[in-house]
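Worksheet: one structure, shown below.
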Number of protein chains: 2
Amino acid sequence: MASPTVENYLKALLSLSRERDTVTISDLSAELGVSKPSANSMIKRLHERGLLEYERYRPLRLTPAGKKQAALIVRKHRLTEMFLVQKMGFGWEEVHPIAEQIEHIDSPALFERMDQLLGSPDFDPHGSPIPDRNGNMSAKVGMRLSGCRAGDVVILMGLENSSPEFLNYLNEKGLRLDAVIKVEGREEYDGSLHVAYRGRELTLPRSTAEQLLVTRQFPAPASDSATR
Amino acid sequence: MASPTVENYLKALLSLSRERDTVTISDLSAELGVSKPSANSMIKRLHERGLLEYERYRPLRLTPAGKKQAALIVRKHRLTEMFLVQKMGFGWEEVHPIAEQIEHIDSPALFERMDQLLGSPDFDPHGSPIPDRNGNMSAKVGMRLSGCRAGDVVILMGLENSSPEFLNYLNEKGLRLDAVIKVEGREEYDGSLHVAYRGRELTLPRSTAEQLLVTRQFPAPASDSATR
DNA sequence: CTGTAAAGTTAGTACTATCTAACTTTGTTT
DNA sequence: AAACAAAGTTAGATAGTACTAACTTTACAG
Ligand SMILES: [Mn+2]
Ligand SMILES: [Mn+2]
Ligand SMILES: [Mn+2]
Ligand SMILES: [Mn+2]
């Protein structure tokens, strides 16, 4: 079993590698808020354990083993968030810091039970995909709302930003996952969007619309059981 | 926030002090399975933090602050066990190792929520009392079944031993908390008891009967709401 | 092609938590 | 009172994780 510290490094490496094509020690140290020498020495330990490909001065890349281990921690994190929201009544803006800790609990049974009680959810409360038991993670669903045109009717499927500030902002505006959003108009000047949903109307600045991942309404004849 | 290691030392000290009148470094090192020098050096750190009274070569005693901190960890442990059993369908023999980890989660909201969803339980799944929010812990309820006489009818309220082996033994025998047990007879030779409950009859060796804490049926007109 | 800034590394320190080996103190037994 | 065993302590080592300061390598701008 890896320490929580090691697990957080692995998660950060996975997350960074999904954002950029090449991940550096500077990226890692910034992401985790540690000094570059700290990141450097952890890098060496991960390399020794076969979790990271690494040569001096070269970019970092998780090995398949490292990637899998990281994804399984992400699985625990996201199952936990879903459990806290669905079964314990927490708001989506509250759960991340708790999951950040519970993801390090060593108990396959606990997370199996969460998964079962939740009906094997595919997405967490912020719309991010939950990796499967083998650590396979699908891509985020949806396109940015900012790319939609006037007249489009879309469903909010996920977020590019899950900071508590952003989530509280969405709470205030009554925007939740699954909201059906109609794009009433678009300000070509600055890219802001006039949208309507659940009887409300408002204007979203482009920067906000870029954080909202949506799909066209009735996107595919839906698989089978899984709802989000 | 104390580290999980420090928290485990505090809990061990509290637990030992409830078993014996004087607690030594040897007791502590045996309880936690660490060497005496390890315990010794931790002792010094706890003393510096004002959690432990300590003079060289003298027995150990938690300060009020140390006692309270320990009891609040026990509270988190026992609320977690209760949650796992009542809300997640775990068996009482499975929950201890999970609670041993979750007790270190730093999230007052998580444990408040558990407490609320459980209806502020007074006892954990093994019948041990759950300390209140101020760290006040009541004594274990009940007398040892081994002290009962033929003809007594009692209710199983708690256990002196919550090892998985013992819990699995009780599972096999169909003995659960709240079971109504009638003492059919007593072997004066070795102290074993013939008991009947839920349509079963069996003989309990004295050593087992000593681990079962019981009260006479209808022990007091019951407080008010709280059931166990 | 060279100078410089950014990135990366090394060295040295610190703190937690553990260990073993060796020593000291305490308390009990002869 | 001496001897001895148990308990406790100290010293010294190791591993993990962090830091700052100083140095080296890389990459890019001119
Ligand atoms: Mn999260
Ligand atoms: Mn974490
Ligand atoms: Mn327990
Ligand atoms: Mn613990």
Side-chain angles (χ1 to χ4, degrees), chain A residues 1-14 16-17 19-62 66 69-70 73 100-101 103-106, chain B residues 1-14 16-17 19-62 66 69-70 73 100-101 103-106:
Chain A
M1 229 352 75
S3 69
T5 305
V6 166
E7 294 192 340
N8 286 336
Y9 272 95
L10 288 174
K11 261 199 334 168
L13 284 164
L14 180 63
L16 289 169
S17 74
E19 286 173 20
R20 354 183 171 310
D21 39 322
T22 133
V23 177
T24 67
I25 285 192
S26 290
D27 294 337
L28 185 59
S29 91
E31 175 82 4
L32 289 171
V34 299
S35 69
K36 280 187 280 197
S38 296
N40 183 277
S41 82
M42 179 59 83
I43 283 307
K44 289 176 185 167
R45 264 175 267 146
L46 297 178
H47 179 63
E48 277 158 22
R49 295 200 202 180
L51 299 171
L52 187 72
E53 285 177 45
Y54 170 63
E55 288 169 271
R56 281 211 321 335
Y57 300 107
R58 307 257 52 118
L60 311 173
R61 235 170 55 225
L62 287 172
Q69 197 169 316
I73 302 159
E100 201 53 59
Q101 299 177 69
E103 67 189 359
H104 307 294
I105 300 289
D106 177 20
Chain B
M1 232 347 79
S3 69
T5 306
V6 166
E7 293 191 341
N8 287 336
Y9 272 94
L10 287 174
K11 261 201 330 169
L13 285 163
L14 180 64
L16 288 168
S17 75
E19 287 172 20
R20 350 184 173 312
D21 40 322
T22 132
V23 177
T24 68
I25 286 192
S26 291
D27 294 337
L28 185 59
S29 89
E31 175 82 4
L32 288 171
V34 298
S35 69
K36 280 187 278 198
S38 296
N40 183 276
S41 82
M42 180 59 83
I43 282 306
K44 288 175 183 166
R45 265 175 267 146
L46 296 179
H47 178 63
E48 279 159 21
R49 294 200 203 180
L51 300 170
L52 187 73
E53 283 177 46
Y54 170 63
E55 289 169 87
R56 282 218 308 342
Y57 300 107
R58 308 257 52 118
L60 310 173
R61 234 170 56 225
L62 287 171
Q69 197 170 317
I73 303 158
E100 201 53 59
Q101 298 177 68
E103 67 189 0
H104 307 294
I105 301 289
D106 176 21

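First the proteins, then the strands, lettered A, B, ... as listed; each starts at 1.
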How would you label the contact of A:Thr24 with the nucleic acid (heavy atoms, under 4.0 Å): base, sugar-phosphate, or nothing? sugar-phosphate

Taking side chain as C-beta onward, heavy atoms only, is B:Arg61 less than 4.5 Å from B:Val23? no

For C:dG8, does either OP1 or OP2 sit under 4.0 Å from a side-chain N or O belonging to A:Tyr54? no

Atom-pair distance (CG on B:Leu28; P on C:dA17), nearest Å: 13 Å

Would B:Lys11 and B:Glu31 pass as an ion pair if we require N to O under 4.0 Å? no

Taking the side chain as C-beta and beyond, is there a heavy-atom pair between A:Glu7 and A:Met1 under 4.5 Å? yes

What nucleotide, of C:dT26, D:dC19, C:dA21, holds the atom closest to the side chain of B:Pro37? C:dA21

Would you mind reading off the distance between B:His47 atom NE2 and C:dT16 atom C1', rounded to a whole angstrom? 19 Å

Nearest-Å distance for atom pair CZ/C1', residues A:Arg58 and D:dT25: 11 Å

So, applying side chain to side chain contact (heavy atoms under 4.5 Å, CB included) with B:Ser17, which one of B:Leu13, B:Asp21, B:Leu14 is it? B:Leu14

Is there a side-chain contact between B:Gln101 and A:His104 (heavy atoms, below 4.5 Å)? no

Closest to side chain of A:Tyr57, choosing from D:dG16, D:dT26, C:dA17: D:dT26

For C:dT10, does OP1 or OP2 lie under 4.0 Å from any side-chain N or O of A:Lys44? yes

Between B:Ile43 and B:Leu28, is a side-chain contact (heavy atoms from CB on, under 4.5 Å) present by the stated rule, with each step listed? CA-CA 10 Å; B:Ile43 282 306; B:Leu28 185 59; 3.7 Å; yes

Residue B:Ser26, side-chain atoms from C-beta onward, closest of D:dA7, C:dT9, D:dA18: D:dA7

N/O (side chain, B:Ser35) to phosphate O (OP1/OP2, C:dC19) under 4.0 Å: yes

Phosphate contact (C:dA17 OP1 or OP2) by B:Ser3 side-chain N/O below 4.0 Å: yes

What is the separation between atom CG on A:Leu32 and atom P on D:dT17, rounded to the nearest whole Å? 12 Å

With the side chain defined as heavy atoms from C-beta on, B:Ser38 is closest, among D:dT17, D:dT9, C:dT18, to C:dT18

Ignoring the backbone of B:Val34, work out which of C:dT9, C:dA17, C:dC19 is nearest its side chain. C:dC19

In whole angstroms, how far is the P atom of D:dT9 from the CG atom of B:Asn40? 5 Å

Can you tell me the distance, in whole Å, between the CD atom of A:Glu31 and the C1' atom of C:dA7? 18 Å

Out of D:dA27, C:dT9, C:dT10, minimum distance to the side chain of A:Ile25 belongs to C:dT9

Euclidean distance, atom CZ of residue B:Arg56 to atom P of C:dG27 [Å, nearest integer]: 14 Å

Phosphate OP1/OP2 of D:dT17 contacted by A:Arg45 side-chain N/O (<4.0 Å): yes

With a cut-off of less than 4.0 Å, is there a side-chain N or O of B:Tyr9 near OP1 or OP2 of C:dT18? yes

Rounded to whole angstrom units, what separation is found between the NZ atom of B:Lys36 and the P atom of C:dC23? 17 Å

